Amino acid sequence: MTDTQTLYAAYSGIIDTALGALVSEGVLPDDASFKNVTLEPPRDASHGDLATNAAMVLAKQAKTNPRTLAEQIAEKLTAADGVVSADIAGPGFINLRLEPAAWLNELQAITALGDDYGRSTIGAGTTVNVEYVSANPTGPMHMGHCRGAVVGDALSSLLELAGHDVTREYYINDAGGQVDVLARSVHLRYREALGADIGAIPEGLYPGDYLVPVGKALASELGDKFADAPEDEWLPVFRAQAVTEMMEVIKGDLALLGIHHEVFSSEAALHQAGKPDEAEKWLRENGFVYDGVLEAPKGKAPPEDWEPVELPLFRSTQFGDDQDRPIKKSNGAWTYFGADLAYHMQKAEKADELIDIWGADHAGTVKRIKAAVAALSQGKGKPTPFDVKLVQMVQLMRGGEPVKMSKRSGNFITIADMIDEVGKDVVRFTMLTRKPEAQMEFDFAKVVEASKDNPVWYVQYAHARIQSTVRKASEEESVSPSDEALGQLGDEELTLIRRAAQFPREVEAAAKAREPHRIAFYLYDLATDLNAFYSLGNTALEKRFIVKHDKGLSAARLFLADAIGQVLRNGLRVLGVEAVDRM
RNA sequence: GUUCCCGUAGCUCAGGUGGAUAGAGCGUUGGAUUCCUAAUCCAAAGGCCACAGGUUCGAAUCCUGUCGGGAACACCA
């Protein structure tokens with residue numbers, strides 16, 4: 001092996017070669033598909049080093065039964081380099097036993113590849129646009145935005161590691177009614193800054209103190225020329241200014257989380273560029289948009305002012321939606337959906353694939369936007385895969401009690417508050433310790449606990465332990481180990497190496513499934529193995545990483561420790577969590 | 001009423017797009033330290049994978065229905 005190749009990649013290749021040989025021998029058909037063939041650790045380590053389901057998956061295509069095919073595959077595999085034996089077990093699994101050096105090579109691969117260990121090419125350089133956060137620019141980020149932000153960012157990093165070219169994008173909703181409300185709220189603060197007595201903030205405006213400085217800035221910049229002017233004179237000015245200020249606030253909050261988007265797209269700019277009109281024109285020509293009358297809302301009392309009106313409707317029912325959806329309002333303005341549809345068309349022009357991360361409260365709009373992307377991208381001859389990931393609610397707790405929040409008074413828990421209290425790493429890691437589509441609790445007391453019950457702490461602790469050990473080593477112990485020394489590593493070390501070797505597979509599986517949380521769980525398992533091995537040294541001095549009077553063995557163990565540390569770092573980097581050296 | 005998500009050990013959760021005997025942590029019980037970081041480790045007990053059907057060599061995983069929990073059902077964003 002001249003190239004540095006990871007173990008699973010190498011043996012996947014060997015299996016492909018064996019299967020290829022069977023194709024040329026006519027055992028398997030020429031058009032056999034190997035796509036469901038997997039190579040994985042056997043259920044029980046005593047079965048061997050690697051297991052493949054190839055025979056079971058391909059039996060049908062070979063028109064034979066799994067065990068017969070398994071024998072033919074096993075024969076080829078036994079002859080392969082580095083394979084000691086290939087046994088058939090259960091319904092047709094093939095268990096491979098490897099020469100011990102195979103695993104030791106993996107350690108060398110980890111060290112040689114360093115930060116690139118785990119990097120994959122399955123993404124094949126395709127471009128993926130991940131849109132996440134996209135919080136309305138009306139105030140600081142609060143708790144509700146946090147999970148989607150972290151999941152989107154970790155997913156982006158994961159896809160990059162898996163070989164995709166990722167664009168992180170933020171959609172600024174700066175065109176709807178809520179930014180007018182923002183502008184009015186700022187105007188009030190502006191008058192306040194000029195000395196007016198504004199009294200209580202009226203119902204329907206944003207009451208938060210964070211607008212006070214914006215008002216002050218505008219007062220000193222503009223003087224009092226808009227203090228008593230009619231609204232239509234100052235509204236555009238205040239709106240633009242307020243959105244700019246709020247985006248600065250939001251970018252600051254995101255930076256606290258370690259998140260940086262490459263692209264910020266403005267809804268207002270989209271309108272100015274006439275994108276929604278373009279989209280509508282195309283959709284009408286192709287029969288996806290027609291003028292029609294909406295049905296009254298079902299299942300609950302219709303709004304008092306509801307009356308049937310003819311609107312331009314998008315045929316989302318063709319794609320499984322309950323009803324067709326309006327792209328324009330009766331006053332002629334675009335609906336959010338109308339603009340969003342054009343926005344996705346714009347994104348699809350620049351990327352091979354789109355992913356949106358949304359809060360679960362938007363679940364009801366998934367069908368229509370997926371329908372729109374399907375209609376537009378297929379129609380334009382470039383079908384673009386598009387996935388919407390919904391992140392469920394986070395319930396904030398403190399010592400088992402729900403944290404009360406009142407959005408009305410502007411007294412909500414901001415992301416800045418959270419990070420201030422528990423730190424960025426804790427927030428990020430904790431958000432990734434549950435699959436996103438399940439609801440979760442975030443307990444301020446629990447997440448800072450220093451115990452095995454707290455995954456963030458536990459994983460960082462494992463890394464700090466390794467670093468501490470490495471620091472303790474003498475110069476002769478810190479050298480590259482000889483082959484003989486590496487050969488002294490036994491079963492207990494192998495358990496650890498086996499787990500480490502899973503990392504590249506874990507990255508690929510997580511990337512394919514678009515599930516960054518798997519990396520968090522993997523790291524926890526790796527940390528468990530590390531701590532288990534480390535503890536052996538508490539009762540048996542000869543099992544420590546650093547063994548007195550045995551420089552060779554110490555060098556081999558330290559080499560192992562270093563490799564595990566490298567894998568922990570690589571995984572934590574995907575999650576955007578610091579790998580600390582001391583705790 | 002409709003749509004979406006969830007239902008796995010007493011509790012909190014994993015479970016690699018169908019594979020071998022169902023996995024962790026907490027809690028319970030019993031152990032381990034001349035410690036390179038014990039904020040740790042080892043072991044035991046604990047399961048009708050909500051329920052009922054279906055698909056096939058094989059289902060916690062896929063399909064249908066039922067029951068529970070959550071969320072959303074504007075021309076709002």
Side-chain angles (χ1 to χ4, degrees), chain A residues 36 38 40-44 47 51 53 56-57 59-60 65-66 89-93 95 136 138 173 175-179 267 294 297-300 302-303 306 309 311 320-323 325-331 333-338 340 359-367 390 392-393 433-441 443 446 449-455 457-458 461-462 464-473 502 505-506 508-510 512-513 515 517-518 521-522 524-525 528 531-539 541 544-548 554 557-558 561 582-583:
Chain A
N36 291 325
T38 60
E40 50 195 54
R43 174 158 197 95
D44 193 317
H47 292 163
N53 64 354
M56 292 182 289
V57 176
K60 243 179 215 156
N65 66 65
F93 284 100
N95 291 321
N136 285 340
T138 55
N173 300 133
Q178 85 283 1
V179 287
E267 184 185 355
L294 271 185
K298 286 177 199 156
K300 57 178 200 175
W306 190 86
V309 191
L311 295 167
D321 205 354
D322 316 352
Q323 57 176 312
R325 304 290 174 173
I327 59 169
K328 275 183 183 173
K329 309 181 207 174
S330 52
N331 65 5
W334 293 98
T335 62
Y336 184 84
F337 172 57
D340 207 26
D361 50 342
H362 289 73
T365 65
V366 171
K367 275 186 181 170
L390 293 177
Q392 288 288 337
M393 303 283 129
T433 52
R434 274 207 81 170
K435 52 185 175 197
E437 64 270 24
Q439 290 147 251
M440 77 180 291
E441 289 180 4
D443 194 313
K446 264 192 137 174
E449 227 172 66
S451 78
K452 189 168 186 180
D453 194 22
N454 179 2
W457 178 86
Y458 190 71
Y461 178 63
R465 264 185 152 173
I466 289 172
Q467 296 306 99
S468 162
T469 306
V470 169
R471 280 195 298 273
K472 283 256 158 75
Q502 299 300 314
R505 300 183 60 239
E506 212 63 55
E508 292 186 354
K512 272 189 209 160
E515 289 180 348
H517 73 276
R518 287 192 195 173
F521 283 96
Y522 167 77
Y524 183 82
D525 289 340
T528 300
N531 281 326
F533 181 75
Y534 189 97
S535 294
L536 294 174
N538 286 341
T539 44
L541 291 179
R544 295 195 179 176
F545 282 99
I546 300 171
V547 185
K548 286 208 171 60
S554 299
R557 292 243 176 92
L558 285 163
R582 291 167 207 271
M583 294 176 74

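Quick note on labels: first sequence line is chain A, next is B, and so on, each numbered from 1. Quantities reported herein were computed from a predicted structural model and do not represent experimental measurements.
- Using a 4.0 Å heavy-atom distance criterion, A/Gly176 is classed as a sugar-phosphate-only contact.
- Heavy atoms of A/Asn173 sit under 4.0 angstrom from primed sugar atoms or phosphate atoms, though from no base atom.
- The phosphate of B/rU37 has neither OP1 nor OP2 within less than 4.0 Å of any side-chain N or O from A/Arg471.
- Comparing B/rA20, B/rC75, B/rU3 against the side chain of A/Phe93 picks out B/rA20 as the nearest.
- No side-chain heavy atom of A/Lys446 sits less than 4.5 Å from a side-chain heavy atom of A/Glu441.
- In RNA chain B, stems built from 3 or more consecutive Watson-Crick or G-U wobble pairs, each with both distances under 3.5 Å, span B:1-7 with B:67-73, B:10-13 with B:23-26, B:28-32 with B:40-44, B:50-54 with B:62-66.
- Using a 4.0 Å heavy-atom distance criterion, A/Ala464 is classed as a base contact.
- Pairing each heavy atom of A/Lys452 with each of A/Tyr524, the nearest pair is O-OH, 3.0 Å.
- Within 4.0 Å (heavy atoms only), A/Ala360 reaches sugar-phosphate atoms of the nucleic acid but no base atom.
- Residue A/Leu536 is out of contact with every strand shown, counting any heavy-atom pair closer than 4.0 Å.
- For the P atoms, the distance from B/rA50 to B/rA43 is 28 Å, rounded to whole Å.
- Ring orientation note: the planes of A/Tyr534 and A/Phe545 are tilted relative to one another, at an angle of 30° to 60°.
- Within the 4.5 Å cutoff, no side-chain heavy atoms of A/Pro436 are placed close to those of A/Leu390.
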For each nucleotide in nucleotides 12-17 of chain B, reading 5' to 3', give B when a protein heavy atom comes within less than 4.0 Å of its base, S when such contact involves only the sugar-phosphate, and - otherwise.
-SSSBB
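- For the residue pair A/Tyr458 / A/Asn531, a side-chain donor-acceptor distance below 3.5 Å is found, with atom types taken as modelled.
- Comparing B/rA77, B/rC26, B/rU37 by their nearest atom to the side chain of A/Thr469 picks out B/rU37.
- Here A/His362 does not count as stacked on B/rA72, because the ring centres are not under 5.5 angstrom apart with planes under 30°.
- Within the 4.0 angstrom heavy-atom criterion, base atoms lie near A/Met56.
- When heavy atoms are screened at a 4.0 angstrom cut-off, A/Ser330 is found touching base atoms of the nucleic acid.
- A heavy-atom distance below 4.5 Å is not found between the side chains of A/Asn173 and A/Val179.
- The gap from the C1' atom of B/rA20 to that of B/rG58 amounts to 10 Å, rounded to the nearest Å.
- Minimum atom distance to the side chain of A/Arg544 is reached by B/rC36, of the listed B/rA77, B/rA24, B/rC36.
- As judged by a 4.0 angstrom heavy-atom cut-off over every strand, A/Tyr524 is placed among residues touching the sugar-phosphate backbone only.
- Checking B/rA39, B/rU37, B/rC75 against the side-chain heavy atoms of A/Trp457 singles out B/rA39 as nearest.
- If you check every strand for non-hydrogen atoms under 4.0 Å, A/Asn95 touches a base.
- Contact annotation for A/Ala59: no contact, since no heavy-atom pair falls under 4.0 Å across all strands.
- In terms of phosphate contacts, A/Lys329 brings no side-chain nitrogen or oxygen within less than 4.0 Å of OP1 or OP2 of B/rA74.
- For the pair A/Glu515 and A/Phe521, the minimum side-chain heavy-atom distance is 4.5 Å or more.
- Of the P atoms belonging to B/rC49 and B/rA60, the separation is 8 Å, rounded to the nearest Å.
- Contact check for A/Arg557 versus A/Ser554: no side-chain heavy atoms found under the 4.5 Å cut-off.
- Between A/Tyr458 and B/rC41 there is a side-chain polar atom (N or O) within less than 4.0 angstrom of OP1 or OP2.
- Shown here for A/Arg518 and A/Ala509, the closest heavy-atom pair between the two residues is NH1-O, 3.5 Å.
- A distance of about 15 Å separates the C1' atoms of B/rG68 and B/rA52, rounded to the whole Å.
- The side chain of A/Thr365 approaches B/rA77 more closely than any other nucleotide in the set B/rA77, B/rA38, B/rC4.
- Taking OG1 from A/Thr138 and CD from A/Gln178, the interatomic distance works out to 6.5 Å, rounded to the nearest 0.5 Å.
- Residues A/Trp457 and A/Glu449 have side chains not in contact (no heavy-atom distance under 4.5 Å, counting atoms from C-beta outward).
- Looking at heavy-atom distances under 4.0 Å, A/Ser468 makes contact with a base.
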